[in-house]
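Down below is the structure, laid out as structure tokens.
Letters A, B, ... are given to chains in the order of the sequence lines, protein chains preceding strands, and every chain is numbered from 1. Reckoned from all heavy atoms, side chains included, excluding hydrogens, waters and symmetry mates.
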Amino acid sequence: MFSRRWRFGWDRYSEVDLFTDRHETNTESLSQAIRAAVSEEPDADGSVLFGQMQGTVVGLRYYTGVVNQGEMVALVRQPQNPYDRNAVMVANVYGSQVGHIKRELAAAMAHVMDNNLAKVEGVVHSRTKNQFTMPVMLSFWGKEENKDAVIQGLARHGYKLNTDGNKGAGPHTHTHTRTHTLKNAFDNLFEGLMESKEGEKEAAEAVSTPLLPHQKQALSWMCACENKSELPPFWEKRGELYYNRLTCFSAKEVPERVRGGILADDMGLGKTLTTIALILTNFHKGKPLPVEKCVSASEVMCGVMCVCVETSSLSAEDLSARATLIICPLSVLSNWLDQFEQHVRPNVKLNLYLYYGSERNRSKKFLSSQDVVLTTYNVLSADFGNKSPLHGINWLRVVLDEGHVVRNPNTQMSKAVLDLKAQRRWILSGTPIQNSVKDLWVLLAFLRLKPFDVKDWWNRVIQRPVTQGDRVGIQNLQTLVKCITLRRTKTSEVNGRPLVSLPEKVVCVEQVKLTQEEREQYELARTEGRNTIRRYMAEGTVLRNYADVLAILMRLRQLCCHPDLLAKISSDLAAAATPAELRERLIEKLRLVLASGSDEECSVCLDSVRLPVITHCAHVYCRPCIAQVISTEKEMARCPLCRSEIKTNELVEFPPEEMEEEDSANSQNWRSSSKVDALMGNLRRLQFEDRSIKSLVVSQFTRFLTILETPLREHGFSFVRLDGTMSQKKRAQVIQEFQSSAPDSPVIMLLSLKAGGVGLNLTAASHVFLMDPAWNPAAEEQCIDRCHRLGQTKKIFYVVFLQKQDLFEKAFGSKNADKKTSRIDDIKALMEL
DNA sequence: ACCGCCGGGTGCC
DNA sequence: ACCGCCGGGTGCC
């Protein structure tokens, strides 16, 4: 996403980092890339235009739906139609039926549509000449391999597709831009959205922290978004009608305004504070939230008085909603609590309820009477479909914190989020687009940005044009995003002044030299791995053996950290003689992938694997995710990564007793490594300079953190540890300890790279030691940002330990435009094949 | 629908 | 006329 390699001056980034090239292509993981290459989703992006033809819509007089000149229409199969099982219904953008496709043509189209050979889209170009029928331009889109079948299928019914040119494709005649132009436009999608014409707004009295100028701007913008009756993007008034210029749809009623948007400020700019200010400042009719106040302590007894209760004559439905629901990742739950505590005046009685834990109060009456209800995505999706009280409440406002965590529309989490009822909707996210323009859909759907909350319209009007490099499509996307987003970065300037002044950040790459012994061990492992991968290459089975390849590369990375990180080397799956042995090996492999503490990603939900299971083809998924895939695909279920057949009863998980192994890294036969020595050298030097300096020590391998505990203890450092296995309560406790400025407070935090997720506030630290490079540059940035953020007063030192491996440097010298094949090429290059 | 199609009325010019 | 032609009734799927 960012050209951060230049920003940090890391051209010499050279550890055994097969994933380095990700820094060039968005933050995409290897598994995602392979998934994309292996299984094209039946989505808009892979589609090509087969051709177009003129069709007829009949029966207009029976329906109320109207269509304008140039308006897009939806074509919907109606297999249950009592008059014709081939019926194809025609509807306008808002879903009102317009008519039917005439019978003979419907018969031809039904064949194509029912067999999923093509998606058919309609545009009505010429104005209706009569009140009974009208022509419609039909475009057939699908996978290349289905093109002939579609053309022939239509021909059998006497219809001919016009396959030359795109004439008459409507407002989206494709003007292809070069790929890199598209990429730039895409990268800049969220840049330059900081101009705020709204001015500044002071927070309500109940907010105790004075807002910085950019926060007042954000507050002003957010209030305006909630209160204004401005038309949503692409709508204009034409006479008596409201007209959408993208879909050419028009309506008599004012289109529903999106009351909310995306606050996409960089992390550290105070999105949480601004949101708290919004909640307290903008209740109904732009008035502050009517909160009760305690009389200040200096006055008599602490009585409770009611400040302002509105009972005006306004329509009741609008005013009935009171509560704001905030949904966040578990990792930032305590941060929200802290921030409410910190930024709301102590004498203000804000009803905040933490909807979390098994004892949570599920009463709708109780919840809707709160000012704020705070919960996590997991709780929300756990409740969803299970008489969820959260889904039965009409919220005044719903806020999705770190909103980018919902990006795959197929997940329960997304469905749960989209099903919430609210008058106002907000998304907070420092990185709204994680991988591709696809990620935006869930967010727009959540905001109810019509008509794009319907996936087909989104695909048709935005996603496909953008994916295909259509300039108009990109412009439309930019306009769309601009209308609903406010984004400032830490480097943004307003009126020539920086938005916030953060202390300087110094990045330092320390190259660690391996000892002779380490180097030999490394070379051995690499030769071995190379042979294995070479065999897969020769067999053409690299993708099928993906888990193995990943494991090989993982081992190399682990060797650079510490030899004891290596899990036992597993042997060939094919060599397994009995089912029991196969199972044993699969468990071993699963352990290898997960036990290192590195976060493996599930290719179905694109999130960290939860309840991991491994398939017989050795790919790891969340059990619920892969179970869903299998149940959807029935008999035909195939592994999303390699397309091998998979069955529910063949999924292997850790046997229960395995769950808590892991205290093997005991201090009895502890040994050091070059990297450990390098770290300890740094820490001891710091301690000598200034005993109050606090440091974060970050690794993606939790076992490495465990190894590091021994020398830290030996040298008398007081430290805490934060990793993914800890309960929320424990995390909050550890963070509080670390942030404390008490003289005996811990000076070091061992932090697992992904454990904290985002949003952690660790400003007590001024030094960050990254023990191994993250595969995801965003994760690395977040890691620095945990301390380089608002509230940091000290200069930040960021040290990355790398092993010098010249051999591998050249593998990543070239930027490969075609990322799908480049992974394989990279593996090849990496292994010198 | 200022169409097509159906079916009844009708029938040299 | 077992036709053609006329003109009224009618009309999505």
Side-chain angles (χ1 to χ4, degrees), chain A residues 42 44 47 49-142 146-147 149-163 167-171 241 243-244 247-253 450-451 453-461:
Chain A
S47 297
L49 178 62
F50 296 161
Q52 300 180 306
M53 62 184 265
Q54 188 85 234
T56 310
V57 186
V58 296
L60 301 186
R61 65 159 144 165
Y62 299 99
Y63 307 100
T64 52
V66 288
V67 192
N68 293 302
Q69 201 158 347
E71 181 169 340
M72 301 182 172
V73 290
L75 301 162
V76 186
R77 277 282 287 120
Q78 282 186 326
Q80 303 303 327
N81 188 301
Y83 303 96
D84 181 2
R85 62 186 174 81
N86 291 324
V88 176
M89 192 253 280
V90 180
N92 69 20
V93 176
Y94 269 25
S96 312
Q97 182 163 4
V98 173
H100 279 103
I101 293 293
K102 72 163 172 172
R103 183 185 286 263
E104 298 80 6
L105 177 53
M109 284 169 61
H111 169 254
V112 168
M113 293 169 85
D114 294 348
N115 292 302
N116 232 347
L117 298 174
K119 242 184 153 53
V120 193
E121 298 180 353
V123 177
V124 176
H125 290 296
S126 49
R127 196 158 196 89
T128 354
K129 278 201 288 291
N130 61 58
Q131 55 189 127
F132 306 100
T133 68
M134 66 183 175
V136 59
M137 181 55 79
L138 302 170
S139 307
F140 290 72
W141 297 83
N146 292 327
K147 184 169 179 174
V150 169
I151 291 173
Q152 281 158 24
L154 292 171
R156 266 201 298 282
H157 289 84
Y159 292 97
K160 189 176 180 305
L161 266 195
N162 177 8
T163 51
K167 274 213 203 76
L241 295 176
Y243 178 79
N244 183 304
T247 60
C248 300
F249 177 78
S250 69
K252 283 202 187 84
E253 317 78 53
K450 316 246 173 201
D453 54 336
V454 173
K455 194 80 175 288
D456 280 351
W457 296 115
W458 159 259
N459 281 339
R460 212 172 137 174
V461 182

Student check: side-chain heavy atoms of A:L154 and A:F140 closer than 4.5 Å: yes
Rounded interatomic separation in angstrom, taking CD from A:Q131 and C1' from B:dC2: 12 Å
Donor/acceptor link under 3.5 angstrom from A:D84 side chain onto base of C:dC13: no
Non-neighbouring partners of A:E71 that pass side chain to side chain donor-acceptor pair (under 3.5 Å), sequence neighbours left out: A:N68
Any-strand Watson-Crick or G-U partner of B:dC13, both distances under 3.5 Å: none
Pairs where residues 107-124 of chain A contributes a residue and the test salt bridge (Lys or Arg N to Asp or Glu O under 4.0 Å) is met, not counting sequence neighbours: A:R77-A:D114, A:K119-A:D456, A:E121-A:R460, A:E121-A:R464
Base of C:dC12 paired with side chain of A:Y83 (donor-acceptor, under 3.5 Å): no
Value in whole Å for how far the P atom of C:dC13 lies from OH of A:Y62: 9 Å
A:F132 side chain near A:L60 side chain, heavy-atom distance below 4.5 Å: no
Nucleotide C:dG11, atom P - distance to CZ of A:R103 in whole Å: 15 Å
For atom NZ of A:K102 and atom P of B:dC3, their distance in whole Å: 17 Å
Distance, rounded to the nearest Å, where A:M134 contributes CE and C:dC12 contributes C1': 13 Å
Atom pair distance, as rounded to whole Å: OH in A:Y63 and P in C:dC13: 10 Å
C:dG8 and C:dC13, which share atom name P, separated by this distance in whole Å: 26 Å
Nearest-angstrom distance, P atom, C:dC5 to C:dT10: 25 Å
Value in whole Å for how far the C1' atom of C:dT10 lies from CZ of A:F132: 10 Å
Separation of C:dC13 P from A:L105 CG (nearest whole Å): 11 Å
